J.: 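Quick one: the structure is below, and I'll ask about it shortly.
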Amino acid sequence: MTFLTTNPSFNTTLSFFKKKIHIEVEEEKRIMSLCWVLHPASVLCGNVMDSYSTMAEVKQHHSLLIRLGLSSKNHAITPIITFSSLSNHGDFHYSLKLFSTLPNPDTFLFNTLFKSFLLHNYHFPFNSIFLFYSYMLLQQYSLTPNSFTFPSLIKACSIHNALQQGKQMHAHVIKFGFGFDTFALNNLIHMYVNFGYLGDARKMFDNMPVRTVVSWTTIISGYCQWGLLDDALDVFELMPEKNSASWNAMIAGFVKRDRFREAFELFVRMQMEKVGLDKFLAATMLSACTGLGALEQGKWIHGYVERSGIELDSKLATAIVDMYCKCGCLEKALEVFNRLPQRGLSLWNCMIGGLAMHGKGEDAIRLFREMEKLVVPDSVTFVNVLSACAHSGLVEEGRYYFRYMTDVHGIEPTKEHYGCLVDLLARAGRLVEARNVIDKMPISPDASILGALLGACRIHGNVELGEQLGKRLIEVEPANSGRYVILANIYADCGKWEEVANVRKLMNDRGVKKEPGFSMIEMEGTVNEFVAGEMTHPLGKAIYAKVDEMLESIRLVGYVPDADGVLHDLFEEERENPLFYHSEKLAIAYGLLKTKRGETLHITKNLRVCKDCHQASKLISKVYDCDIIIRDRNRFHHFSKGVCSCKDYW
DNA sequence: TTAGGGTTAG
């Protein structure tokens, strides 16, 4: 083998091994006592991963093999390559060097190599597809692939986006007689799904001689991945036997498309069928709770994870912390975060993002500083740090970290970072500077960056720039209702009623529907949804009466309904639903009806909180002596004793 | 050996 000798470190490898031979006599005796050294085949009867626990042991054993003249023998070297290339405690580059010294690697070793390439994301300069053609099938080796060869190769085709090679691999599968092999076929289905060839994937699935639960789950998650939830559900219902992976695939499909209700319905069904929760399902359901703001349900799943001893890996830990952050329980999120023995990059990012959306800018920066000592931050980290600065009005800090990101960490700003910077400046009223950033940025600004500036134009009453940007945006994004709404509001703010009517007409002509506003509040394990002016809730009458009572009480402490809002925010909640019955007011009223005095209300809203509701919420928190935590589209508002955590800066 | 989960501005 010569293909890896281009690696300069290879030439030192042999001398390294020679040095390792000088082991202590006693140590040598100990190693000799391991009977399988002389009978390496016996290792293959057990699990190779159990044969070693560290690379030090592997290297000692390897030294011995060199001494015994067995280091080129496939059967002797196989356990060493397997451990070093596939174990968590292995050394991938060590295994590569070893592989390259073998004169006649066999199919098993090639399979191990292909698998380890996938495991270590190693696709350059020698990927497994290249090795398969150039070495394995080449006359020099002329090896026959076995059923373990193709799954890795097919997966590699998916990763490389190599459609043509993938199809060729499909042909090889058939040519070498694996056309009935479930593993190869399942992988092919997966590959066609990744390429978006759902018809081909389905055809393969339908023609399979034997379908396993994996085949079913693969096609279900394939449909979900491409948003074809109805097709996925059809297949799901036909499944003869479902396991936790198949339930999870279907539930996760709904969660990813924000169809949380259906996700919860399936979850209930799953529990009735006595399927237990595992770490995947727990993470998926936590994500559903996060989407709905269903804190109680989320707490229950967290508790279940702790009670049942489900492995708390980094993804699950992140899902838990994220759930607490986005359901308004920042303290609980921090408590879980601080207790975790190991913190991965995503977890840090999540916690910093959590502090950001709760308006805790300084704390977010402090946490980032702490993180930097332990983990290398990435692009997402800085999106969160910058957004923390934006939500807390930390203009100078934001500018500083924008430069710092590139200067210290070599991360080039993306559209997201520019978006944050523009938002930070614009929100703080520095519209000219924000515009300068847009004009000078090396990438062309997308609609979201212009949108950030547009939003700020309304807040700061810059009609001229707002009009200019708004007109541009409704052409760039004609289907985004939010853009029309802001433009119309900008016109309304300065009394240009004719223009307001024109925008509304344009919206109607183009068939653009405003996203209906709704608020959710979880009570006794049920998520209650409220739409402005609607009366569908069983306690409808009582809720409306409570709203009236609430408004009367806060009037006594100075509440004046924002009459402008009634006229201006006509898009934010429909005009026919008066301001007084905005969805968050209904949710608060319901919360007050169902809780004891002093309890905290958690509300989730799909749009931004309007000015009037913001003012009303502040006063309600004072008069009723209760904390109200509202998650709106952008951030959290903690209303307590008459003030809001956003300091009216949102 | 193959299927399922987390973090990203407005």
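Since this is a predicted model, take the numbers as computed values, not measurements. Letters A, B, ... mirror the listed sequences (proteins, then strands); counts begin at 1.
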J.: Hey, is the side chain of A:T318 pairing donor to acceptor with the base of B:dT7 inside 3.5 Å?
T.: no
J.: Write down the distance between CZ (A:F108) and C1' (B:dT1), rounded to a whole number of angstrom.
T.: 10 Å
J.: What about A:N187: does its side chain form a donor-acceptor pair under 3.5 Å with the base of B:dT2?
T.: no
J.: Are the charged groups of A:R339 and A:E306 less than 4.0 angstrom apart, N to O?
T.: yes
J.: Go through B:dG4, B:dG5, B:dA3 for me and flag the one nearest to the A:L281 side chain.
T.: B:dG4
J.: Which part of the nucleic acid, if any, lies within reach of A:R427 when heavy atoms closer than 4.0 Å are counted: base, sugar-phosphate only, or nothing?
T.: sugar-phosphate
J.: May I ask you to check if A:R369 and A:Y401 form a cation-pi contact, with NZ or CZ under 6.0 angstrom from the six-membered ring centre and within 45° of the axis?
T.: no
J.: Compare side-chain N and O positions of A:K326 against OP1 and OP2 of B:dT8 and report whether any pair is under 4.0 Å apart.
T.: yes
J.: Check whether the side chain of A:S287 and the base of B:dG6 form a donor-acceptor pair under 3.5 Å.
T.: no
J.: From OH of A:Y324 over to P of B:dT7, roughly how many Å is that when rounded to an integer?
T.: 17 Å
J.: Rounded to the nearest angstrom, tell me the gap between atom CG in A:L355 and atom P in B:dT8.
T.: 13 Å
J.: In terms of side-chain geometry, is the basic nitrogen of A:D363 or A:R366 positioned less than 4.0 Å from the acidic oxygen of its partner?
T.: yes
J.: Within this structure, what is the CE-to-P distance between A:M191 and B:dT2, rounded to whole angstrom?
T.: 17 Å
J.: So what does A:H417 hit on the nucleic acid, given a heavy-atom distance under 4.0 Å: a base, only sugar-phosphate, or nothing?
T.: nothing
J.: In whole angstroms, how far is the P atom of B:dG6 from the CG atom of A:D378?
T.: 17 Å
J.: Expressed in angstrom and rounded to an integer, what is the separation of A:N111 atom CG from B:dT1 atom C1'?
T.: 9 Å
J.: Any chance you could lay out the side-chain hydrogen bond (donor to acceptor under 3.5 Å, both in side chains) test for A:S346 and A:N349, step after step, and finish with the verdict?
T.: CA-CA 5 Å; A:S346 302; A:N349 288 349; 5.5 Å; no
J.: Check whether the aromatic ring of A:F183 stacks on the base of B:dT2, taking stacking as ring centres less than 5.5 Å apart and planes within 30° of each other.
T.: no
J.: Nearest to the side chain of A:T217, which nucleotide is it out of B:dA9, B:dG4, B:dT7?
T.: B:dG4
J.: Using only modelled atom types and a 3.5 angstrom limit, is any donor from either the side chain of A:T284 or the base of B:dG4 paired with an acceptor on the other?
T.: no
J.: Does a side-chain heavy-atom distance below 4.5 Å link A:F110 with A:F99?
T.: yes
J.: State which of B:dT2, B:dG4, B:dG5 makes the closest approach to the side chain of A:N186.
T.: B:dT2
J.: Which nucleotide sits closest to the side chain of A:A319: B:dT8, B:dG6, B:dT7?
T.: B:dG6
J.: Contact class for A:L316 (heavy atom, under 4.0 Å): base, sugar-phosphate, or nothing?
T.: base
J.: Counting just side-chain N and O atoms, does A:K279 come under 4.0 Å of either OP1 or OP2 of B:dG6?
T.: no
J.: Using atom NZ of A:K242 as one end and atom C1' of B:dG4 as the other, report the distance to the nearest whole Å.
T.: 15 Å
J.: Under 4.0 Å, heavy atoms only, any strand: does A:S147 hit a base, just the sugar-phosphate, or nothing?
T.: base
J.: Using whole Å, report how far CG of A:L421 lies from C1' of B:dT8.
T.: 16 Å
J.: Quick one: label A:K256 by what it contacts on the DNA or RNA (base, sugar-phosphate, nothing), any heavy atom closer than 4.0 Å.
T.: sugar-phosphate
J.: Are A:T149 and A:N111 close enough that a side-chain donor and a side-chain acceptor fall under 3.5 Å?
T.: yes
J.: Which listed nucleotide (B:dA9, B:dA3, B:dG4) is nearest to the side chain of A:D446?
T.: B:dA9
J.: Check this one for me: any side-chain N or O of A:K155 less than 4.0 Å away from OP1 or OP2 of B:dA3?
T.: yes
J.: For B:dG5, does the base pair up with any side-chain atom of A:D278 as donor and acceptor (N or O, under 3.5 Å, distance only)?
T.: no
J.: Report yes or no: is there a donor-acceptor pair, N or O only, under 3.5 Å between the side chain of A:N243 and the base of B:dA3?
T.: yes
J.: Against the six-membered ring of A:Y484, is A:K514 placed for a cation-pi contact (under 6.0 Å from the centre, within 45° of the normal)?
T.: no
J.: Could you tell me whether A:S244 contacts a base, only the sugar-phosphate backbone, or nothing, with contacts defined as non-hydrogen atoms closer than 4.0 Å?
T.: base
